[in-house]
There are 2 protein chains.
Amino acid sequence: MIDNTDMRILNELSMNSRLTMKELGKKVHLTGPAVSTRVAKLEEQGVIEGYSIKVNQVKLGYFVHAFITIITESTYHQPYLSFIKMQKQYIINNYKISGDGCYLLECKFPSNEILNDFLNDLNEHANYKLSIIIDI
Amino acid sequence: MIDNTDMRILNELSMNSRLTMKELGKKVHLTGPAVSTRVAKLEEQGVIEGYSIKVNQVKLGYFVHAFITIITESTYHQPYLSFIKMQKQYIINNYKISGDGCYLLECKFPSNEILNDFLNDLNEHANYKLSIIIDI
DNA sequence: GCATTTGACTTTATTAATGAAAGGAGTTAA
DNA sequence: TTAACTCCTTTCATTAATAAAGTCAAATGC
């Protein structure tokens, strides 16, 4: 179903999703229309879920990038889930996990002060373990 | 420097980075050329770091998505770093962290068997704690 | 206070890409 | 052998991108 050419298309689009079909075609040795129908198929199949940009969060004023392992005291997760719904601006991802904790929360903050405020509020709904990202 | 219109542009492109400049312009109430120069500036400033796609890893045969907290025994991280360089196909991100562990490794695997093999090999270079993602 | 500069935009015109349609080559199956 | 199918290329009409020129308003300087 998905052949090598498709994999190369996915690779190229991962690196630059704004390539024209002509440029993309050149990279995988196909014409524009040929690669265009392949991309359309990958979209229909749901292999390509969407097109996005990588934003430099530091340049937007988010200097702290953190992962927070969430340990809810009770089996009732709703208060925590409601809380993070209200804190959307700081949340990148909230993964439900098995292992150490219930959730793994990826977030960004403008400063340690705001992170601190966030943690204080979070602590009313769950316990946590904090990991701050130093480098990628 | 970055005004409200720029934020809206970033938002729109985050949701769909393949919008034409004309379409994008319509969404933020500008003409194509106007929005095009704004996007070019955001690129020059490094706010937009790149254009990418969201790939459905399950449809590519990667059924297991995991975060692995890495605890290296020694201060000498090189063996671990060399190891993951060889395992690129499974690695999504390797974050250097402060907190619980030295690194937080985000990865994907076709099956638990392959994850198991990976962990066995990993164990020669570092200790770990495994968190498997159940849901986003 | 007025002229000038600057920056951000629109309009226009040229160039380039997209997308639809037709046609060809290779493969499979009756 | 022929028919049907898939995947591709070529061609062409439509649409978008891009460069250049012009407009306007706000800021700057004399």
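Within every chain, numbering begins at 1; the chains are lettered A, B, ... in the order of the sequence lines, protein sequences first and strands thereafter. In what follows, every heavy atom counts, from backbone to side chain, and hydrogens, waters and symmetry copies are set aside.
B/E23 approaches B/T20 most closely through the heavy-atom pair OE1-N, 2.9 Å. The two residues A/G46 and B/N56 come nearest to each other via the heavy atoms O-CB, 3.2 Å. Of all heavy-atom pairs spanning B/A66 and B/L130, the tightest one is CB-CD1, 3.9 Å.
Partners of A/K54 under the salt bridge (Lys or Arg N to Asp or Glu O under 4.0 Å) rule, at least two apart in sequence or in another chain, are B/E49.
Of the residues in residues 25-36 of chain A, A/L30, A/T31, A/P33, A/A34 come within less than 4.0 Å of DNA chain D through at least one heavy atom, sorted by number. Interface residues of residues 15-24 of chain A facing DNA chain C, ordered by number: A/T20, A/M21, A/K22; criterion, heavy-atom separation under 4.0 Å.
Side-chain atoms of A/Y51 and A/E43 include a donor-acceptor pair closer than 3.5 Å.
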Inset, instruction - Determine, step by step, whether A/K129 and A/D100 satisfy the salt bridge (Lys or Arg N to Asp or Glu O under 4.0 Å) criterion, reporting the C-alpha distance in whole Å, the side-chain angles of both residues, the deciding distance to 0.1 Å, and the verdict. - result: CA-CA 10 Å; A/K129 278 198 293 193; A/D100 194 20; 2.8 Å; yes
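Nucleotide C/dT10 holds its C1' atom 14 Å from the CZ atom of B/R38, rounded to whole Å.
Under the 6.0 Å distance and 45° angle rule, A/K108 counts as a cation-pi partner of A/Y62.
Taking the charged nitrogens against the carboxylate oxygens, B/R38 and B/D3 do have a contact shorter than 4.0 Å, which makes a salt bridge.
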